[in-house]
Amino acid sequence: MHINDIYETKIIRLNNEGLGVSLIDNFVVFINNALVNEEVKIKITEVNDNYAYGEVLEYKTKSSDRVIP
């Protein structure tokens with residue numbers, strides 16, 4: 001996994017900071033502005049030894065819990 005790689009993934013849970021958590025090839029990715037059960041297209045923004053961070057490029061399916069502020 002490298003910075004700027006693009007993936008499609010499903011959010012499996014939220015972490016204690018409210019970031020969406022996904023597994024891509026058994027590698028944990030934290031994604032801002034993503035909710036549980038959403039399918040998203042993401043771009044990797046930071047890669048560490050055991051985890052990575054990504055940002056949402058597109059929502060393939062949105063959670064029913066998502067509201068417009």
Side-chain angles (χ1 to χ4, degrees):
M1 183 172 294
H2 304 286
I3 292 176
N4 292 329
D5 283 354
I6 306 291
Y7 295 96
E8 288 189 14
T9 187
K10 186 172 183 174
I11 307 304
I12 55 174
R13 66 182 178 90
L14 296 178
N15 73 356
N16 60 336
E17 296 175 355
L19 297 174
V21 178
S22 179
L23 288 176
I24 299 173
D25 297 329
N26 292 323
F27 198 75
V28 177
V29 180
F30 298 109
I31 304 160
N32 196 22
N33 294 324
L35 298 174
V36 176
N37 293 326
E38 287 186 326
E39 293 179 10
V40 292
K41 184 176 183 180
I42 64 164
K43 178 172 78 171
I44 301 300
T45 57
E46 181 181 335
V47 179
N48 295 302
D49 291 338
N50 299 318
Y51 59 94
Y53 288 98
E55 66 180 25
V56 176
L57 297 176
E58 180 183 348
Y59 294 95
K60 297 295 186 178
T61 60
K62 290 186 178 181
S63 171
S64 60
D65 295 328
R66 182 169 294 283
V67 294
I68 298 172

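On a predicted model such as this, the values are computed, not experimentally measured, just so you know.
- Across all non-hydrogen atoms, the minimal contact from I44 to H2 is CB-O, 3.5 Å.
- Here the options are V47, V29, V28, T45, the test is side-chain contact (heavy atoms from CB on, under 4.5 Å), and the partner is Y53; only T45 passes.
- Under the salt bridge (Lys or Arg N to Asp or Glu O under 4.0 Å) rule, E8 has a single partner from K43, K60, K41, which is K60.
- The 12-atom threshold is not exceeded at CG of D25, counting heavy atoms of other residues, nucleotides or ligands nearer than 6.0 Å.
- The shortest non-hydrogen separation linking N32 to V56 is O-CG2, 3.6 Å.
- Clustering ILVMFWY residues whenever any of their side-chain heavy atoms sit less than 4.5 angstrom apart, transitively, puts Y7 in a cluster other than the one holding Y51.
- Closest approach of I11 and G20 over heavy atoms only: CG2-CA, 3.7 Å.
- L35 CG to N33 CG: the interatomic distance, rounded to the nearest 0.5 Å, is 8.5 Å.
- I31 and I12 fall into different hydrophobic clusters, where Ile, Leu, Val, Met, Phe, Trp and Tyr are joined by side-chain heavy atoms under 4.5 Å apart, directly or via other members.
- Placement of V40 and I3 within a single hydrophobic cluster is found when ILVMFWY residues are connected by side-chain heavy-atom separations under 4.5 Å, directly or transitively.
- At distances below 3.5 Å, at least one donor-acceptor pair connects side-chain atoms of N15 with backbone N or O atoms of L19.
- Applying salt bridge (Lys or Arg N to Asp or Glu O under 4.0 Å) to E38 and the options K10, R13, R66, K62 leaves one that passes, R66.
- With a 4.5 Å cut-off on side-chain heavy atoms, I24 and M1 count as touching.
- Closest heavy-atom contact between V21 and L14: CG2-C, 4.2 Å.
- The two residues N48 and F27 have their closest heavy-atom pair at O-CZ, 3.5 Å.
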